[in-house]
Amino acid sequence: MMYLEGLNERQREAVTAPIGPIAVLAGAGSGKTRVLTHRILHLLHNGVAPGEILAVTFTNKAAKEMAERVKTLMQKHPETARHETAPLVTTFHSFGVRMLREFHIEAGLKKYFPIYDRADSMKIIKSITKEMDIDEKHVAPKMILSRISKEKGAGKTPEEMLGKRSTSFFLRTVGEVWARYEKALTKESALDFDDLLNKPVQLLLKDETVRTTLQKRFKHLLIDEYQDTNGVQSKLLHILAANHKSIFVVGDIDQNIYSWRGATIEHLMSFEKKYPEAKTIILEQNYRSTKTIVKTAQAVIEKNVNRKEKIAFTENEEGEPMKLLMCSTEGDEARTIAELCRGLIDEDVVPGDIAVLYRTNFQSRVLEEAMLYAGIPYQVLGTKFFDRKEVKDLLSYLRYTLMSDSSVDLARIINSPARGIGKVTELAVLQGKTEELNAGARLKVQNFFAMMDRMKTDIAVLKPSDAVRYVIEMTGMKTHYQKGGEENEERLKNLQELATVASQYDRYIGEEGILKLIEDATLMGEQDSMKDASAGIKMMTIHAAKGLEFPHVFITGMEEGLFPQKRDDVVDEEEERRLFYVALTRAHKKVYLSLARERRLYGTLLATIPSSFIEDIPEAHLIIEDGDSYGIPSIR
């Protein structure tokens with residue numbers, strides 16, 4: 001069969017395995033996406049209709065790449081896939097939205113329900129903690145929201161936290177805030193990110209018709225990065241697969257680094273318990289990295305106890321040893337890295353082929369400073385295009401035309417750009433007391449709503465890209481940002497860029513296209529905002545680098561307490577080691593490690609100890625150098 005050409009023996013075994021529960025343990029760089037896409041082609045070749053296949057992954061970027069690969073394979077092998085439609089390749093959250101839109105009546109929702117992103121949720125949490133007179137210094141709203149999200153991901157409820165688990169002040173506080181938070185969401189008919197998984201599971205459990213419909217529709221499930229699933233995601237998959245049991249999961253226990261978000265390796269570890277008839281296939285050949293990198297990563301991860309044995313190997317070249325750069329301070333570390341990056345670029349390495357990774361976000365500041373001083377182009381992954389104020393404002397305008405009962409959107413846009421509607425007037429409008437306003441304020445409010453009514457009518461017949469341009473003009477945003485200044489000019493460019501993004505949805509007219517644009521923007525992840533490789537060196541946390549790969553990788557801050565990170569005097573050594581394994585295996589050709597003998601933390605200069613992970617690296621694969629010897633002038 002021609003579509004199997006180029007697969008190695010283990011990959012072919014996975015692709016052609018008999019239909020049923022299959023677990024593929026895929027090491028880093030072992031071609032797991034290739035196996036998933038060819039498995040889909042194999043199902044099509046054996047007569048499965050595209051509409052019966054559901055492939056799920058975690059990021060929009062991964063879903064888009066997988067969908068494009070499937071489409072390319074179908075075009076390349078028309079004799080195998082004689083279909084005009086393609087299988088559904090999506091993310092967990094996007095699938096949840098799709099399901100809730102389709103069965104909104106059964107779920108007790110409006111068809112057009114607002115989806116609150118983390119910033120929207122944080123705003124509500126902060127409002128609640130203020131009402132409850134909670135001191136943010138003692139219990140940070142960010143911690144509360146994070147804990148609520150983790151509990152939701154495990155399928156828990158506020159009542160459970162307020163019941164038997166309410167033994168601590170923090171948990172009681174979370175439970176009380178959570179209960180009020182749910183009331184606020186219900187009042188707005190809104191869902192947050194976690195609801196996009198919880199609500200579908202609740203609906204499947206309570207509504208037999210919906211459950212049977214989807215079980216019959218999706219007869220074959222394929223799941224990427226299965227080790228990253230939380231309790232709710234796992235339950236969703238197993239409900240859908242309950243009858244046919246055609247569930248094909250791909251994952252790597254050694255790359256489970258999201259336990260703080262509720263992900264658990266137990267789902268992959270216990271897959272054979274869930275499905276006793278399951279077949280397990282291990283992919284061990286690495287196609288990405290040099291022998292040096294593969295052997296080092298293997299030596300590091302073998303120290304973990306809670307894993308399934310697999311021995312990675314590669315037929316690639318031996319490659320250079322890794323370099324450990326011993327620097328005096330974090331400033332010296334940053335300047336050394338900048339100088340080495342400059343050297344690589346001078347050797348014609350594309351800047352985007354270089355990644356600088358760090359354990360924690362605060363480390364980026366001094367690294368950015370060094371890059372700027374050296375004139376090296378760089379991009380910090382983490383500031384999403386769709387998180388920018390002006391972009392969120394415009395999306396709120398669009399969302400309000402569909403969901404005019406969304407007070408969060410109304411509060412965001414009623415005086416943005418400024419139209420003379422003050423805080424007191426805004427509060428009166430949100431409380432439904434417009435009639436109590438004086439004549440001047442009431443007129444401004446009436447003009448605003450008249451504009452929104454007109455926009456709602458006009459947008460209904462426009463393509464999404466034209467709708468975005470129309471809103472920029474109608475709302476006064478264009479006039480406002482044309483007033484001058486570099487920052488305003490940048491904001492206007494961002495709005496114009498949103499029109500470009502919206503053009504991807506121009507095959508839809510009116511509400512459907514706008515809704516798709518808003519949903520995808522809300523669910524967009526960090527990696528989805530990455531620019532082209534030529535945009536500059538990529539700088540990011542190791543968590544953000546998961547799923548990416550680069551020829552040259554710098555892993556910074558290799559100091560005990562920083563990496564492995566210590567939290568509240570506790571180190572989760574196995575997860576931290578998995579994180580180091582992920583960092584190492586992002587690289588194709590060369591890995592540089594660096595540390596500072598002294599690092600300023602919270603304003604205090606502290607002596608550091610080299611990371612214990614350095615001891616896990618075989619001596620033959622590591623060269624230790626004085627990082628200060630590169631002779632870069634100080635920028636202090």
Any side-chain donor paired with an acceptor under 3.5 Å for Ser416 and Lys389?
yes

Hey, are Arg147 and Glu151 close enough for a salt bridge, meaning a charged N less than 4.0 Å from a carboxylate O?
yes

Ion pair check, Asp405 and Arg399, cut-off under 4.0 Å
no

Can you name the nearest heavy-atom pair linking Asp120 to Ile115, along with the distance?
OD2-O, 4.3 Å

Minimum heavy-atom separation for Val210 and Phe103, please, with both atom names.
CG2-CD2, 3.8 Å

Below 4.0 angstrom, N of the basic side chain to O of the carboxylate: do Arg98 and Glu519 qualify?
no

Could you check whether Lys538 pairs with Asp353 (Lys NZ or Arg NE/NH1/NH2 to Asp/Glu carboxylate O, under 4.0 Å)?
no

Side chains of Thr360 and Gln565: is there a donor and an acceptor less than 3.5 Å apart?
yes

Within the 3.5 Å criterion, strictly below it, is a donor on Ser94 or Thr91 matched to an acceptor on the partner's side chain?
yes

Run Arg491 and Glu390 through salt bridge (Lys or Arg N to Asp or Glu O under 4.0 Å) and show every step you take.
CA-CA 6 Å; Arg491 290 183 186 279; Glu390 63 278 9; 2.5 Å; yes

Between Asp466 and Arg469, does any side-chain N to carboxylate O distance fall below 4.0 Å?
yes

Does the separation of the ring centres of His543 and Tyr258 fall below 6.0 angstrom?
yes

Are Arg412 and Tyr397 in a cation-pi contact, defined as NZ or CZ under 6.0 Å from the six-membered ring centre and within 45° of the axis?
no

Can you confirm whether the side chains of Ser121 and Asp192 place a donor and an acceptor under 3.5 Å from each other?
no

So, Asp117 and Thr522: side-chain donor and acceptor under 3.5 Å apart, yes or no?
no

Quick one: do Glu176 and Arg172 make a salt bridge, cutoff under 4.0 Å?
no

Lys/Arg-Asp/Glu bridge criterion (N-O < 4.0 Å) met for Arg217, Glu102
yes

Salt-bridge test for Lys152 and Glu182: reply yes if a basic N is under 4.0 Å from a carboxylate O, no otherwise.
yes

Looking only at side-chain N and O atoms, does Arg442 offer a donor or acceptor that is under 3.5 Å from a partner on Thr425?
no

